[in-house]
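Each remark here refers to the structure printed beneath this line.
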Amino acid sequence: MNDYHVHTYLCKHAEGQVYEYVESAIEKKVEQLGFAEHIPIPGLHDPDGRMLIDEFELYLQYIEEAKKNYKEIKILLGIEADYLPAHMSFIEDFLKRYPFDFVIGSVHFIGEWDFTNPLYQKQYEHYGVDNTFQDYYKLVREAAATGLYDIIGHLDIPKKFGHNATVDLSDEINKTLNAIKRYELVLDVNTSGLRNPAKEIHPSEEILRRAREYDIPVILGSDAHHPSDVAYAFKETMILLKKMGFNHTCVYDKRKRENIPL
Ligand SMILES: [Zn+2]
Ligand SMILES: [Zn+2]
């Protein structure tokens with residue numbers, strides 16, 4: 001069992017040190033633990049969303065130390081990099097500069113609105129839930145086409161706070177899965193939705209079923225923002241994936257992907 005999506009206190013809206021996530025993972029018999037801290041972006045106003053650029057060396061240091069101290073688990077250096085059209089040259093350079101094992105591409109923003117931040121939930125009313133979902137999927141397709149990412153993070157995240165689209169999103173979703181397939185990306189099957197008002201995984205079972213038809217690979221992520229959430233609900237999620245016909249998951253090493261049995 002591998003968890004390829006955990007955060008740390010460094011992002012300012014999570015609790016727990018790197019070693020606490022590692023110890024929780026070891027306790028839960030996780031074999032590979034992928035840290036995917038939010039990428040620092042100078043110039044983006046996001047005070048509770050991510051570490052500062054000056055704190056990044058600390059992240060690298062903590063992970064290096066954990067690799068030395070815990071030989072019983074494989075620890076990976078990942079990053080959750082946003083797709084932010086206004087900041088792509090910075091993001092591209094940043095991703096080249098460090099030896100990441102994997103890069104999760106996530107859409108959290110529409111323009112300057114972080115629709116995943118509980119503080120800005122009110123904006124769904126003004127922007128419109130349908131618009132939010134439609135613009136979101138369009139941004140995911142753009143993200144896929146950049147070729148900068150390995151994994152698409154928590155697809156269908158606009159449902160996080162329990163919002164549902166009133167229009168049929170089948171076309172949007174099909175186009176998005178097409179792009180994910182074309183650019184050889186992997187889906188982050190993210191169990192954070194089970195802990196949020198959405199009360200279901202990202203992406204939904206319906207989207208996962210379609211993803212299976214497209215033969216898109218999957219990887220599990222808890223999106224833990226607390227050490228106790230490492231590998232959250234993984235056993236039942238793995239059973240669900242197998243039932244849907246997924247036989248493989250992926251592992252990464254310096255951005256090289258390998259399939260392993262689920
Ligand atoms: Zn976060
Ligand atoms: Zn995210």
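In this text the structure is predicted, and so the values were computed from the model without any measurement. In each ligand, atom 1 is the first atom listed, and ligand 1 is the first ligand listed.
- Protein N/O/S atoms closer than 2.8 Å to the Zn ion (ligand 1): His13 NE2, His38 NE2, His225 NE2.
- Remark: the Asp48 side chain and the His13 side chain contain no N/O donor-acceptor pair separated by less than 3.5 Å.
- Ring centers of Trp113 and Tyr120: at least 6.0 Å apart, outside the cut-off.
- In this structure, His202 has its ring center at least 6.0 angstrom away from the ring center of His5.
- Residues passing the ring pair (Phe, Tyr, Trp, His ring centres under 6.0 Å) test with Tyr98 are Phe56, Phe94, sequence neighbours excluded.
- The N, O or S atom of His154 with the smallest distance to the Zn ion (ligand 2) is NE2.
- In summary, the aromatic rings of His226 and His7 are positioned with their centroids too far apart to meet the 6.0 Å limit.
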Under 3.5 Å, side-chain donor or acceptor atoms of residues 229-250 against the rest of the protein: list the pairs with distances, not counting sequence neighbours.
unit_1: Asp229; atom_1: OD2; unit_2: Arg195; atom_2: NE; d: 3.4
unit_1: Thr237; atom_1: OG1; unit_2: Ala233; atom_2: O; d: 2.7
unit_1: Thr249; atom_1: OG1; unit_2: Val218; atom_2: O; d: 3.0

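- The Zn ion (ligand 2) has an N, O or S atom of His108 closer than 2.8 Å.
- Grouping Ile, Leu, Val, Met, Phe, Trp and Tyr by side-chain contacts under 4.5 Å, direct or through others, puts Tyr4 with Leu76, Phe102, Ile104, Ile151, Val186, Ile219, Val251, Tyr252, Ile260.
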